[in-house]
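Written below as structure tokens is the structure these notes are about.
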Amino acid sequence: MQTSSESSRIHCPRLRSKIMSAEAAAALIPSGVNVGMSGFTGAGYPKVVPSALAKRIMDANIYGKKFKIGVWTGASTAPDLDGALAMVDGVEMRLPYQSDPTCRKRINAGEMEYIDIHLSHVAQFVWSGFLGKLDIAVVEVAGILEDGRLIPSSSVGNNKTWLDQADKVILEVNSWQNPELEGMHDIYYGTQLPPNRKPIPLLRTQDRIGEAYLRCDPAKVIAVVETHSPDRNSAFSAPDENSRKIAGHILEFLEHEVKKGRLPANLLPLQSGVGNIANAVMAGLNQGPFENLTAYTEVLQDGMLEMIKSGKLTCASATAFSLSSGALAELNADLGRYKNNIILRPQEISNHPEIIRRLGVIAMNGMIEADIYGNVNSTHVMGTKIMNGIGGSGDFARNAFLSIFMTPSQARGGEISCIVPMASHVDHTEHDVQILVTEQGLADLRGLSPKQRARAVIDNCAHPHFKPALNDYYKRALDHSPGKQTPHLLEEALSWHLRYLRQGAM
């Protein structure tokens with residue numbers, strides 16, 4: 001939807017002359033190019049150019065012409081970007097993270113190439129040319145200043161890198177985005193490739209080390225499209241009994257760590273993955289004994305917003321919002337109230353290993369399954385079908401002060417055990433996994449050998465329905481495994497997954 005000139009947020013005369021329709025802008029994107037799109041978990045993605053491009057690709061398909069592009073983003077986007085382009089088979093290569101059902105279906109059918117990559121690696125890979133040439137950037141912004149600087153919108157993601165590295169730029173200026181966003185961002189331009197790297201001077205969650213605006217050479221801008229369209233909301237259900245139990249185990253563990261003197265009374269900066277369990281943990285923290293908390297994370301969800309509102313959380317650093325419709329409406333209605341408590345940064349900074357390690361982040365992420373030795377699969381169902389991607393969980397797990405992974409102990413109504421003899425795909429090795437949590441309990445794996453870890457995982461995390469079979473497998477592995485450091489029966493280590501694929505139950 002195009003806005004009137006009176007309400008335009010485009011104050012740079014040089015760029016006002018490039019205003020055009022979404023269809024005209026999409027016509028400037030040829031087949032075969034790599035396109036860097038803004039967007040991170042449904043926030044700040046371009047709203048109209050991708051849909052117009054999908055229509056153009058569909059028309060080409062009708063005439064038998066192949067039309068595909070590479071799509072690079074910050075993380076997942078929305079149906080009118082990922083879904084629209086996947087529906088018309090318009091994506092040759094997708095990276096670094098996705099969660100769209102149509103996109104996922106094409107990837108798992110072998111019809112779309114997909115690179116699942118740590119989010120902190122993307123900018124470096126692009127600068128170094130590992131992924132090929134970035135031809136065009138399509139980036140949503142909340143406004144353009146008279147001197148051409150860009151006001152970022154509700155996500156930053158990889159936008160800095162896209163604008164720097166792309167040969168050509170298309171800007172969507174979205175007047176739906178709250179003007180109070182201006183000043184909330186911290187865009188750091190000090191990163192370099194080796195051997196010219198310098199320490200990133202971020203010592204506390206609340207530190208600002210960059211600029212409030214994105215830079216872009218106006219000469220690279222080939223189109224400006226005005227829109228007034230909302231972000232995609234993330235629907236979160238109320239915490240169920242399992243989620244509340246998982247949250248309770250984590251809170252009890254954190255209190256224990258404080259009593260032991262291993263954590264300060266206000267903990268350390270929190271990182272939390274996306275989802276209902278993560279929000280349940282935040283709800284528990286909001287009711288818990290800890291005060292003056294901070295968060296250094298990827299996305300700001302409903303639970304963290306509630307903690308800011310209550311005063312429990314004093315500062316949240318992220319790269320994007322990921323809010324329900326109700327929470328988003330509340331945020332936009334009173335953004336000035338939250339503005340001093342929230343910082344949005346590029347994901348190369350929000351996910352940077354140096355900073356995560358320095359701050360001592362407490363990382364809490366979801367998983368699909370874990371095996372008895374603590375190896376975690378967070379991306380693949382039954383070993384071969386991608387769900388969404390690793391996202392930033394690896395960035396945080398490897399570098400966090402505490403690395404926590406959580407899941408219900410069963411899936412598919414009890415047909416699947418989320419604790420298995422051997423993980424069918426490994427995203428986080430046992431060396432990066434410190435604590436596993438299910439509704440059954442918490443296994444603290446720090447300082448344990450593989451055999452000690454197996455005992456802790458089975459005893460504390462497995463569902464009672466599957467615990468006897470896990471104990472039986474482990475006992476026989478101890479007796480018959482050719483090696484006794486990490487005992488396995490290789491002929492049946494993945495038999496649980498095979499049984500599910502053949503019979504529909506583990």
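As the structure is a computational prediction, the values presented were derived from the model and not from experiment.
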Looking only at side-chain N and O atoms, does [Y] offer a donor or acceptor that is under 3.5 Å from a partner on [X]?
| X | Y | result |
| --- | --- | --- |
| Ser243 | Asn276 | no |
| Arg197 | Thr191 | no |
| Ser38 | Asn159 | no |

*On the 0 to 90° scale, with breaks at 30° and 60°, tag the His121-His118 ring pair as parallel, tilted or perpendicular.*
perpendicular
*For the residue pair His425 and His380, does the interplanar ring angle fall in the parallel (under 30°), tilted (30 to 60°) or perpendicular (over 60°) class?*
parallel
*Taking the six-membered ring of Tyr114, is the NZ or CZ of Arg94 close enough (under 6.0 Å from the centre) and on axis enough (within 45°)?*
no
*Is the NZ or CZ atom of Arg56 positioned over Phe67's six-membered ring, under 6.0 angstrom from the centre and within 45° of the axis?*
no
*Measure from the ring center of Tyr213 to the ring center of His185 and say whether it is less than 6.0 Å.*
no
*asked:* Strictly below 4.0 Å, N to O, side chains only: are Lys309 and Glu330 in salt-bridge contact?
replied: yes
*Is the shortest heavy-atom distance from the side chain of Lys160 to the side chain of Leu214 under 4.5 Å?*
yes
*Scan Asp80, Asn174, Asp82 and name whichever one has a side-chain hydrogen bond (donor to acceptor under 3.5 Å, both in side chains) with Tyr45.*
Asp80
*asked:* Run Ser120 and His352 through side chain to side chain donor-acceptor pair (under 3.5 Å) and show every step you take.
replied: CA-CA 6 Å; Ser120 69; His352 202 290; over 6 Å; no
*Answer yes or no: is there a donor N or O on one side and an acceptor on the other, between the side chain of Asp427 and the main chain of Thr379, under 3.5 Å?*
yes
